[in-house]
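In what follows, chains are A, B, ... by sequence order, proteins preceding strands, each numbered from 1. Below, each value reflects all heavy atoms present in this structure, side chains not excepted, and no hydrogens, waters or symmetry copies.
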Protein chains: 2
Amino acid sequence: MEITQGIIKKLSEAGLKITPQRVAVMQTLCKLRMHPTAEELFAEVSKIIPGLSATTIYNTLDTFVEKGMIKRVKTDADVMRYDAITEHHHHLYCAVSDRMEDYFDNELDEMLSAYFERKQIKGFRISDIRLQLMGDFNERKQTQ
Amino acid sequence: MEITQGIIKKLSEAGLKITPQRVAVMQTLCKLRMHPTAEELFAEVSKIIPGLSATTIYNTLDTFVEKGMIKRVKTDADVMRYDAITEHHHHLYCAVSDRMEDYFDNELDEMLSAYFERKQIKGFRISDIRLQLMGDFNERKQTQ
DNA sequence: CGTTAATTTGTATTTATTACAAACAAGTTT
DNA sequence: AAACTTGTTTGTAATAAATACAAATTAACG
Ligand SMILES: [Mn+2]
Ligand SMILES: [Mn+2]
Ligand SMILES: [Zn+2]
Ligand SMILES: [Zn+2]
């Protein structure tokens, strides 16, 4: 399992013990590209680790966030979501379906850094520019 | 009270009954420029309306959002926040202090619409572009 | 005023998340 | 390999934020 090896490496680099729970959570989060909630992850990871505790999901996600291995993302809804992609990127988001997709755009990023290098904001030092592109996915047939 | 008149006008335009609770919530939300949470609003509005129910805050905010009179905003933390400003704008946000400030920038907006008019995203139609500028407010003396 | 429908309130409930301590297991030491 | 140590997981209980619901209240209208 190539993927598993990568995860194990990441875990030990972060100084964390390699547990089946952690491996499974990271694996699942990488697989689900939908920015799942803790509950969604709990359901999914439980398939791999029967008897898994919900608390472990929360613990694990918190730990991963602390170590910078994953990121939190928020939508307009009242649940925290998680993102396996830690590299800088933006999000496409449809408020109606609460669906969120990743958006990478280097040209955009360069344009924005150039812009804010020129136009400083008084009293604020920017460390990261996140775009949330609101709109709708041209969902096939809007039915369903 | 000029301000109160404006609020009353907005309420009736939205087809809502003018209640002291609604007026006080809107008034307070406009005054607090900090994107308060429902709980913060509850505390603040309670000063004006003693015996106010927390439920009323939630009801009122939901109604206002539905009518497009206010907006929800989210930070990395686990609470919903509300914004009296419905005009298009962006946010400066410091994750450490969980502080959020408004950011208006027409030049930026024009640059971005021009950019995305040219560079279409397959399968997604943009309706709004929201920037979250992460960073830190040059807080005087970082102490406290 | 009196009527009516919308709104508010209080209470109970749900959902998401966190706190905590005992049980357990990963990684290290011998 | 067995014992040790410490971090991790688990289950349960608690909290926080938000929602459901029905009775009490009140704004708006005639
Ligand atoms: Mn806003
Ligand atoms: Mn919550
Ligand atoms: Zn993402
Ligand atoms: Zn704002």
Side-chain angles (χ1 to χ4, degrees), chain A residues 4-5 7-28 35-46 48-67 69-70 72-82 98, chain B residues 4-5 7-28 35-46 48-67 69-70 72-82 98:
Chain A
T4 311
Q5 284 314 312
I7 290 169
I8 287 174
K9 196 179 159 215
K10 261 194 190 172
L11 284 170
S12 59
E13 277 172 5
L16 296 174
K17 287 188 178 169
I18 319 296
T19 69
Q21 290 86 345
R22 281 175 176 163
V23 174
V25 168
M26 186 54 93
Q27 233 170 221
T28 306
H35 309 86
T37 65
E39 297 295 323
E40 285 167 347
L41 277 169
F42 178 52
E44 202 58 26
V45 177
S46 289
I48 309 176
I49 316 265
L52 175 76
S53 168
T55 306
T56 301
I57 292 287
Y58 285 104
N59 286 343
T60 305
L61 291 170
D62 283 356
T63 306
F64 287 175
V65 170
E66 265 171 38
K67 298 291 180 180
M69 300 166 68
I70 66 173
R72 287 186 220 279
V73 283
K74 281 226 141 170
T75 68
D76 285 358
D78 173 45
V79 230
M80 188 65 71
R81 316 189 99 182
Y82 296 87
D98 196 45
Chain B
T4 310
Q5 283 314 312
I7 291 169
I8 288 175
K9 196 178 158 219
K10 261 194 190 174
L11 285 170
S12 57
E13 276 172 5
L16 297 173
K17 288 188 177 170
I18 319 297
T19 69
Q21 289 86 347
R22 281 176 177 163
V23 173
V25 168
M26 185 55 93
Q27 233 169 223
T28 306
H35 309 88
T37 65
E39 297 295 323
E40 286 166 347
L41 277 169
F42 178 54
E44 203 58 26
V45 177
S46 289
I48 309 175
I49 315 265
L52 175 76
S53 167
T55 306
T56 300
I57 292 288
Y58 286 104
N59 286 343
T60 305
L61 291 171
D62 283 355
T63 305
F64 287 175
V65 169
E66 264 171 39
K67 297 292 181 180
M69 299 166 68
I70 66 173
R72 288 188 220 276
V73 282
K74 282 227 139 169
T75 68
D76 285 358
D78 172 46
V79 230
M80 187 66 69
R81 317 190 90 171
Y82 295 87
D98 196 45

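B/Ile8 places its CD1 atom 12 Å from the C1' atom of D/dA27, with the value rounded to the nearest Å. The CE-P distance, from A/Met80 to C/dT15, rounds to 19 Å in whole Å. Protein atom CD of B/Glu66 is 14 Å distant from nucleotide atom P of C/dA6, rounded to whole Å.
Ion pair A/Asp78/B/Arg72 not flagged as a salt bridge, since none of the NZ, NE, NH1 or NH2 atoms sits closer than 4.0 Å to an Asp/Glu carboxylate oxygen.
Contact between the side-chain N/O atoms of B/Gln21 and the OP1/OP2 oxygens of D/dA27 is not found at any separation under 4.0 Å. For the OP1/OP2 pair of C/dG10 and a distance below 4.0 Å, the side-chain nitrogens and oxygens of B/Thr55 include no atom meeting the criterion. Within the 4.0 Å cut-off from OP1 or OP2 of C/dT17, at least one side-chain nitrogen or oxygen of A/Tyr58 is found.
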Protein N or O to nucleotides 23-29 of chain C N or O, pairs below 3.5 Å:
{"from": "C/dA26", "atom 1": "O3'", "to": "A/Ile18", "atom 2": "O", "distance (Å)": "3.4"}
{"from": "C/dA26", "atom 1": "N3", "to": "A/Lys17", "atom 2": "NZ", "distance (Å)": "3.3"}
{"from": "C/dG27", "atom 1": "OP1", "to": "A/Ile18", "atom 2": "N", "distance (Å)": "2.8"}

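Atom CZ of A/Arg81 sits about 10.5 Å away from atom CG of A/Leu41, to the nearest 0.5 Å. Between atom CG of residue A/Leu16 and atom CD of residue A/Glu66 there is a gap of 9.5 Å, rounded to the nearest 0.5 Å.
Residues satisfying the side-chain hydrogen bond (donor to acceptor under 3.5 Å, both in side chains) criterion with A/Gln21, sequence neighbours excluded, are absent altogether.
Proximity note for A/Ser53 (side chain, C-beta onward) versus D/dG11, C/dT9, D/dA18: the nearest is D/dG11. Looking at the side chain of A/Asp62, the nearest of the listed nucleotides D/dT19, C/dT18, D/dT10 is C/dT18.
For residues 35-46 of chain A, the set of pairs meeting the side chain to side chain donor-acceptor pair (under 3.5 Å) definition, not counting sequence neighbours, comprises A/His35-A/Asp83, A/His35-A/His91, A/His35-A/Asp102, A/Glu39-A/Tyr58, A/Glu44-A/Lys47.
A donor-acceptor pair under 3.5 Å is formed between the side chain of A/Ser12 and the backbone N or O of A/Ile8.
Map A/Ala54 and B/Thr56 each onto its nearest nucleotide of DNA chain C; the residue landing nearer the 5' end is B/Thr56.
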